[in-house]
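Throughout, protein chains are lettered first and strands after them, A, B, ... in sequence-line order, and every chain is numbered starting at 1.
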Amino acid sequence: MAVLNFLEAVRETLRAEMRRDKDVWVVGEDVGKKGGVFGATLGLFDEFGDQRVQDSPLTESAIVGVGIGAALYGSKPVCEIQFADFIFPAFNQIISEAAKMRYRSDGDWTVPMVIRAPFGGGVHGGLYHSQSVEQYFTSTAGLKVVVPSTPYDVKGLLAAAIRDPDPVLFFEHKGLYRAIKGEVPEGDYIIPIGKADVKRDGTDITVITYGKAVHFCLEAAEELAKEGHSALVLDLRTLLPLDREAIMTAARKTGKVLIVHEAGKTHGIGAEVAALIAEECLFDLDAPVQRLCGPDIPAMPYAGPMEKFYMLSPEKCLEAMRTLAQF
Amino acid sequence: MAVLNFLEAVRETLRAEMRRDKDVWVVGEDVGKKGGVFGATLGLFDEFGDQRVQDSPLTESAIVGVGIGAALYGSKPVCEIQFADFIFPAFNQIISEAAKMRYRSDGDWTVPMVIRAPFGGGVHGGLYHSQSVEQYFTSTAGLKVVVPSTPYDVKGLLAAAIRDPDPVLFFEHKGLYRAIKGEVPEGDYIIPIGKADVKRDGTDITVITYGKAVHFCLEAAEELAKEGHSALVLDLRTLLPLDREAIMTAARKTGKVLIVHEAGKTHGIGAEVAALIAEECLFDLDAPVQRLCGPDIPAMPYAGPMEKFYMLSPEKCLEAMRTLAQF
Amino acid sequence: MTANTQARHEALGLTRDQLLEMYYYMLLTRRIDERLWLLQRGGKIPFVISPQGAEAAQVGGAYAFRRNQDWFLPYYRDLGINLVAGVTPREIMLSAFARRSDPSSGGKQMPNHWGNRGANVVSGSSPVTTQLLHAVGIAQASRMRGDDVVVYTCCGEGSANQGDWHEALNWAGLHNLPVIFMVQNNQYAISVPLEKQVAGGSIAARGKGYGMPGVQVDGTDLLAVYEAFKEAHDRAMRGEGPSLIEALCLRITSHSSDDDQRRYRSAEEIEAMKAGDPLTKIKHYLAEHGLLDDAGSAEIDVRVKAEVDDATEWAESQPYADPEFALSQVYGEG
Amino acid sequence: MTANTQARHEALGLTRDQLLEMYYYMLLTRRIDERLWLLQRGGKIPFVISPQGAEAAQVGGAYAFRRNQDWFLPYYRDLGINLVAGVTPREIMLSAFARRSDPSSGGKQMPNHWGNRGANVVSGSSPVTTQLLHAVGIAQASRMRGDDVVVYTCCGEGSANQGDWHEALNWAGLHNLPVIFMVQNNQYAISVPLEKQVAGGSIAARGKGYGMPGVQVDGTDLLAVYEAFKEAHDRAMRGEGPSLIEALCLRITSHSSDDDQRRYRSAEEIEAMKAGDPLTKIKHYLAEHGLLDDAGSAEIDVRVKAEVDDATEWAESQPYADPEFALSQVYGEG
Ligand SMILES: Cc1ncc(C[n+]2csc(CCOP(=O)(O)OP(=O)(O)O)c2C)c(N)n1
Ligand SMILES: Cc1ncc(C[n+]2csc(CCOP(=O)(O)OP(=O)(O)O)c2C)c(N)n1
Ligand SMILES: [Mg+2]
Ligand SMILES: [Mg+2]
């Protein structure tokens, strides 16, 4: 058992999977000698060489498109998009090709590929280095979308993603990279994609969240407990396919649901979670389904005060949780 | 007052706007001599010439990107994407540039542009000529997303879109082009973007829908009336920004809501509508919020029986409406 | 022909049998397509998009590849490529009729969106030029495994202006990958003519900017195409990297069954294409060189017709997938 | 220099005053950037990305354009372009400090994401090469209105491999638009060297494939750059269409304040750049031609320093926008 930070968990899982399966390779901008702009692939170039840790040209559509081709041939590319904000040039390859390949070929051709991308704000990144982009992908069946929140989850979920037979988008909140440390077992393990995780059990309110917000909500839940309210915190972990059962169970348990995410509220992930609850658990509810999310603006601004205004925080979570608990 | 079909309403509105404002021009694949693959621009080339009705090369990112540039200079491009399925190569230009220009420049630079695209299935188009793509755009503040359902609405909404100071995505269900005719007043009028429309008033259930499904629901509502249940049919018309007031009013009126759209259910437009209702109208509800949508598959299949299986129909709508009415 | 001048096909190392086989494939390509138009006009299938005018480019190109070893990422007109790669007329017809046993997609995809695992023909989509990047990825992965594979991929001249086209050629050039990029330049992208698509007018001229040869060839001349591809294929096998081949083709039909080219092409222009018909040209060559007499020609006609008849009838009699098949193959088994 | 040989700047029609102004802008560019690094190291601003090694390319290029008439769509290193276009040091500093009165964005955008309505500098984003298409659209719209406008746009050599780059050059070529595409080739895209970015190694070689001149120029040589741009600008004004100019530059600093180039460049390689520093070169030229003596040089140094000091102090003292300003300018007033 080692204590790793979130970024180290990414790197060590990549290393372990590359050692385990020689078909696994990494490709993206600056992943080679530099080891990635965040250091996620640091040292892998020395161990695996310039083919398996491949610097790509500055072309996201090609990173994904070449990855798809390689996957069609049977190899297992792990594509890195330098910032999630730069995934849009590859959107056509992801939506039209990766997501539809198995379906359109009746299973003859498949795309066992992972696309990793750091996302999220609060790092002085401005509009184009702060976005949450998960909601652009979750309406596309054929894709899987995973967002881990702890080093332990990173390892189990990234290993599962790499071994998955279908394309998996793996979004890493860059605000967690160095901020979050945790125990990571040394041996091989998998966390199944499509399963949510109760990160804290509780009885009064249910908080459904993912990514960095998990930590804010857990911190807020501690505070809330001191005020006498018990919060269940469900970490979705996978956004597509959603763990419908876990959501319904958690919602029914307390009858009061708050959904929290950093991405903008309207037409965000929380919308589907709330809709599912409104469809399946209506008569178990004791309060309107609440959402605490980023504001509906084009992207996160740069200047400190505005960035802070955008970002979630334990305080903002606590306030929303308290209001719901007192409803 | 003339009776036009849906396609003619598009064409005549383009013509009127181009006559009205010489800064308005049309650009896209085959929009010139051929008049567009569906004929939306037929005859405009002869009237306005090859600059204002401009055949583009086969490059969607450029159609939108050049359109953005032209809009920055003060002209008003109406970009045609030949099929909505082919809008993805332009995704980066739409999300990163068009949507964020006003915001990021503090209003100094703006993109008064329209992007028209035919969408939707039931026309033997298979995976890549049938998709509904609206849900890919609705989480991006800065954009507006409009989906008209009648020739009357086409004229008022397309004129509004062209005169709008911000980028508007205008999605036309290609299954309506020749199938739907209607009265269109000859004079100039505008239908405000952001306003939903009660297409049929009713008291027992509320059906919230848009696009081609509006017609299925209206037909089903006629049948349902014969069975003694009165359905209110709300046509959203604009998906971003949503008409929250109209949705809440319609939901509260009957307490029973069914949301209908052709696009896949999970993380679709209906999710936000349901979430809004679960957040704002929970105690007015007499039944779970229902959704009748396309299946959660990568896209619509081609062979007749599978395509039919995918598509909505008056019968499918009637069944869902009847079940809700009887709840 | 004088006795001591080597015929062009001989100079290229092609035997009479090989040449006749190429002719057979060209004819088969044409006749299948003609049948598809009939079926479409008769309401039996909704859609046709045609290789007519590109048969020499396709068959001449494909013939330089190794069946069951090389890989193919064709575009929607590439019927001839598929046939030479080993896809059968029955399989083509199954996909035209969208039947359950269509090997491309079980009827999920439109016709001409081929895919055939057995023949190394990779599943294709509609958005143009996405497959060029897949071709590059396949070349890269096969090289990593040490496999001896050359990859064919193709698109039209209009499509060659898409961003993915640029990114694919650049990537292949960087890694010196064994990919042959063909552009079938038939002067039109639906209604938009070459001069509104390709700045400067030459696709081949772009090769240099990616550090690879860019060759323009008469795509109606079977042997010229074969020669260009043979050379490119040899280069690829020698590890000398990718090639770009622009084949000047004709588009004899309208863009597809949804189009009417008389709206944007003059009657004279359409008429003028007859003279350049690649089938006429190869027939002329065969006759000129005494390689195929009338009887032999009629025999091939009969054989091709029988195959097309058989494929059509058989495929039409096959069942559709059940409606619920629409829900299948979204995800694999973990 | 011999008396009867015309100096290079004179041959180009540049007066001494003009040349000194160009030198001033180069120095201003360098000094502002150096100050930004100090501010970043001191924790006053979070981020710097640098024009060092490209000052000659930027100032020489920009100098061929007409201020307040031509349009500019620069990339993040193009500080020199902005200054010559008329953006003031104070405005630059406002954006570095992300203050409310930053003319680019009111503090919403990162530094170097310039936009300046008054100077015809169009708002830029981070995803590379999107602005090339905007440049083309601006050229197209201005021509439709009959306006006399030439458009500058630029990116790095790594970025020139993006799809949008291809689509932009092709479109400009098709319509013969007055756009000058510069690529500042500094041999690296963050850590990825030219040979892993540009197949064939030459951006200029791509011009031909778009029917436009592709010119490679020493981007550390102010006058060579000016000459290439002047010619391209003249061509554009004569209606002869777009040009592609590849300027070979240096990247003296790390990619940005988030990068450390010692991880992927040798110490010798980094050291070797000093010899080619464009500022050293132009100073040498000025001295050699007796255009600037030590006193004159010191005077410019003082003037530039005073401007940088003033801009820094003033900008730092300006207020941030209120937090709720984050909600502004999502949509306009219908
Ligand atoms: C990305 C994309 N945009 C638009 C289309 C619609 N479309 C299909 S074929 C075609 C023209 C293709 O022309 P060209 O590349 O010259 O090939 P050709 O059909 O002439 O062989 C168009 C515009 C498409 N399939 N994909
Ligand atoms: C689409 C996109 N992908 C990735 C990035 C991240 N990024 C910023 S600058 C850069 C390297 C650019 O290199 P080059 O084009 O050579 O310009 P230079 O910085 O060397 O001047 C990268 C990868 C980006 N800004 N946009
Ligand atoms: Mg063509
Ligand atoms: Mg560079």
Side-chain angles (χ1 to χ4, degrees), chain A residues 60-61 85-96 99-104 126-128 133 135-143 239-242 259 263-264 266-283 285 287-291 295-299 301, chain B residues 60-61 85-96 99-104 126-128 133 135-143 239-242 259 263-264 266-283 285 287-291 295-299 301:
Chain A
E60 285 77 11
S61 189
D85 313 69
F86 304 139
I87 203 167
F88 300 127
F91 205 72
N92 189 41
Q93 285 288 347
I94 298 171
I95 303 296
S96 302
K100 296 181 173 58
M101 188 65 76
R102 172 189 294 280
Y103 185 77
R104 79 184 189 210
L127 274 76
Y128 299 100
V133 303
Q135 65 282 358
Y136 290 106
F137 298 95
T138 41
S139 65
T140 305
L143 299 176
L239 305 183
L240 180 68
L242 271 180
I259 304 159
T266 301
H267 294 288
I269 300 297
E272 178 59 36
V273 176
L276 172 63
I277 293 168
E279 205 159 11
E280 302 291 344
C281 317
L282 189 78
F283 300 114
L285 292 180
V289 183
Q290 299 291 304
R291 287 180 284 168
D296 286 321
I297 59 177
Chain B
E60 284 78 8
S61 188
D85 312 67
F86 304 140
I87 204 166
F88 300 128
F91 205 72
N92 189 42
Q93 284 287 349
I94 298 170
I95 303 296
S96 302
K100 297 181 172 58
M101 188 64 76
R102 172 189 294 281
Y103 185 76
R104 79 186 189 208
L127 273 77
Y128 299 99
V133 304
Q135 65 282 357
Y136 291 106
F137 299 95
T138 42
S139 64
T140 305
L143 298 177
L239 306 183
L240 180 69
L242 272 179
I259 303 157
T266 302
H267 294 287
I269 300 297
E272 179 59 36
V273 176
L276 172 63
I277 293 168
E279 205 159 11
E280 302 292 346
C281 318
L282 189 80
F283 300 114
L285 292 180
V289 182
Q290 300 291 305
R291 286 179 285 168
D296 285 322
I297 58 177

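Between chain A and the options B:S61, B:G142, B:A274, B:P89, heavy-atom pairs under 4.5 Å are most frequent for B:P89. Note: B:T138 leads B:D85, B:I87, B:T138 in heavy-atom pairs under 4.5 Å with chain A. For the set A:A271, A:P295, A:A299, the count of heavy-atom pairs under 4.5 angstrom toward chain B peaks at A:A271. In terms of heavy-atom pairs under 4.5 angstrom with chain A, the leader among B:P241, B:P298, B:A90 is B:P298. Contact count versus chain A (heavy atoms, under 4.5 Å) is highest, among B:L127, B:T266, B:I94, for B:T266. Among B:R104, B:K100, B:E280, B:Q290, the residue with the largest count of heavy-atom pairs under 4.5 Å with chain A is B:K100. Residue with the most contacts toward chain A among B:A263, B:G268, B:A275: B:A275 (heavy-atom pairs, distance under 4.5 Å).
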Before giving the answer on side-chain contact (heavy atoms from CB on, under 4.5 Å), spell out for B:E279 and A:R291 the whole-Å C-alpha distance, their side-chain angles and the decisive distance to 0.1 Å.
CA-CA 8 Å; B:E279 205 159 11; A:R291 287 180 284 168; 3.1 Å; yes
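Looking at B:A287, only its backbone comes within 4.5 Å of chain A, counting heavy atoms on both sides. In this structure, no portion of B:F137 lies under 4.5 Å from any heavy atom of chain A. Using a 4.5 Å cut-off between heavy atoms, A:I269 touches chain B through backbone and side chain atoms alike. Interface residue A:F283: only side-chain heavy atoms are found under 4.5 Å from chain B. There is no contact between B:R102 and chain A, counting heavy-atom distances below 4.5 Å.
Between A:E60 and B:N92 there is no side-chain heavy-atom pair separated by less than 4.5 Å.
Every side chain to side chain contact (heavy atoms under 4.5 Å, CB included) that A:T140 has, sequence neighbours left out, goes to A:I95, A:A99, A:L143, B:Y136. Take A:Y103 and apply the ring-ring contact (aromatic ring centres under 6.0 Å, His included) test, not counting sequence neighbours, and it matches no residue.
Shortest non-hydrogen contact noted between A:L239 and B:H267 is O-NE2, 3.4 Å. In plain terms, the two heavy atoms of A:Y128 and B:S96 that are nearest each other are OH-O, 2.6 Å.
Here A:L282 contributes atom CG and B:I277 contributes atom CD1; the two are 11.0 Å apart, rounded to the nearest 0.5 Å.
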